[in-house]
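Written below as structure tokens is the structure these notes are about.
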Amino acid sequence: MILLGRYAMSRQSFVVDTSASPHALLRPLPLQGVTIRDHFWAPRIATNTQVTLPSQYAHCEETERIANFRRAAGNEEGDFVGLFFNDSDVYKWLEAVGWNDAISDSPGLSVIRDKVVADIVAAQRTDGYLNSYFTKERSDDRWTNFDLHEMYCAGHFFQAAIAICRTSGARTALDAACKMADHIDATFGPASDGKRPITDGHPEVELALVELYRVTKEQRYLTLADFMVSVRGANQLGNQKFDNLYYQDHKPYRDLHDVVGHAVRMLYLAAGATDLWLETGESALKAAIDAQWHNMTQKRMYVSGGVGSRWHGEAIGDDYELPNPTAYTETCAAIASVMWNWRLLQGTGDAKYADLMEWTLYNGVMPGLSVSGNEYFYQNPLENDGTHRRSAWFGCACCPPNVARLLAQLGSYVASVDSQSLWIHTYMQGDIDAAGSGLDAAVSVATEYPWDNTVRITVTRGGQWTLRTRVPSWASGATVTVGGVRQNAEPNTYVALRRAWQVGDEVVLVFPMQPRLIMAHPSVINNNGRVAVARGPLLYCIEQVDQSMPVASLRIDPRTQWAEAAGSVALGAHTLLHAKGYSTSTPDDALYAPWRHDARQPVRLTLVPYHLWANRAAGAMTVWIPLA
Ligand SMILES: [Zn+2]
């Protein structure tokens, strides 16, 4: 149960506010418009408030990330400690606390929030510049190396300031953010304006500037975001370690038709460019975005929704380069993909973006966080020998607070409106009230999704409007029943139901959830002869702790009769799958032996949702299972 915060009754907090975006088909719901009471997400969100955010604050203090601001302000003795972009971790944590304020009454966090904001703002220079690394003896190095994440940190500060302002009304951080944005705007831009036409090394500020424009209506911030996207392709950033492609600086953004280079940078850039398109409607920008999305989903994305094939450069690979044990698939890249797909969904109302957003949320992002809420994966391999375990924190700690802010924002991704319709994108038990978005409509949702196949939507405020509710791409044979009449529903679409709704009217959706096998394109050579298993919106894997024989020896019978069972409550309610399989071996454990078709014994395989792996005893895991 999410308790409404003390600000909730008076404020309407939009996370990505496309309410006035000329080219957005959909408008968002405020966080206060969605109450989540389900058995999957509500416990995760409660853990975020009670465990994740307090423990992350402790890590930020222990690692001197917040002390860096106090030192930069001259309020504490000592020099900067840690990585040059450590400010950004504090900002992301602060953003998470900001959104969390709208959905949870946690006064302790609010007190800390205000203290941290005071520490940050005190470190701002008189010209508006803010970055705790580039102070004191390093102040002369400001804006000299554009791979040192000054813009990236600024962008995360803007987002934190926006979250705090939209949820609490406090403007201290937002005023400081505008001062920093004004400083950047005065310094960077077209040479014809007498400014420095540089390309920044780590995109992020683009989407933050568009949101800053949305909250302040200051046109200069939108113009600056456009400049930041448009200046790319000058081949300025390449160096001895990484080439221009790594930085997405090898060609102009509007000519970029693939997703390339550093995965998180690429996907933040795409999300920022999409924000820009929502405001400008520029067709050349949208054409590039569409081509990039197609390239990602058809050639460069893992079956989990994760992106990033290479450890070197945390980079996206070539087409079909998707190795499983060495997958990089940074948690931040999956989050960036969710952010990108959300913006595309708001622009188009196309179910394919909601489908990938939901899939990536469950299977790309959630593996990054332990059930306990205080351990994290940075990389999310699809196969492992059991040595990859979550950590309580990282020296480079971008992922932990990124997960925290996404969980705090989650309610904003459930539904949208247009002038006539309530759109439901993903299913969580709870209440949806669109009044804060200008549509006089409200429903309650009862479901055990993603485990159960039935969703009941009950109208709680009637009227003449259209309910547009999504049928997932995997839901072949889906049905929708309204007014006692059942009809088939096409997968990967929104079912549109327009009528004069009465309170108590019920819509029942049934999404068949039998386990299914997924094959990969044959050019993904490491997946040849293997299948992945999914049920509903969840990807499954086999983990050693559940098997009687070594994971590496296991094969699955594709004609298996599936059995479903409830998994250990310690991991939260979930459904396990059992399948017929085989374990192979060589005589006497020989490295090589003559092949024999009977060198295998039948076994019963147990599959667990991939997002839950590595929460129990360490052991091997694989998503792609060899066929028997
Ligand atoms: Zn990260």
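In listed order, ligands and their atoms are each counted from 1.
- In this structure, R310 is not positioned above the aromatic face of Y328 in the sense of NZ or CZ being under 6.0 Å from the six-membered ring centre and within 45° of the axis.
- Electrostatic pairing of R232 and D249 does not count as a salt bridge here, judged by no charged N lying under 4.0 Å from a carboxylate O.
- Interatomic distance, OH of Y362 versus OG of S304, reported as 16.0 Å (0.5 Å rounding).
- In this pair, F85 and H149 present their aromatic rings tilted. The plane angle is within the 30 to 60° band.
- In this structure, T18 contributes its side chain and A24 its backbone to no donor-acceptor pair below 3.5 Å.
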Evaluate salt bridge (charged side-chain N to carboxylate O under 4.0 Å, His left out) for E211 paired with R214, printing each intermediate quantity in order. CA-CA 5 Å; E211 205 63 40; R214 289 176 181 146; 2.8 Å; yes

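- Taking a cut-off of 2.8 Å, the protein N, O or S atoms nearer than that to the Zn ion (ligand 1) are E330 OE2, C332 SG, C398 SG, C399 SG.
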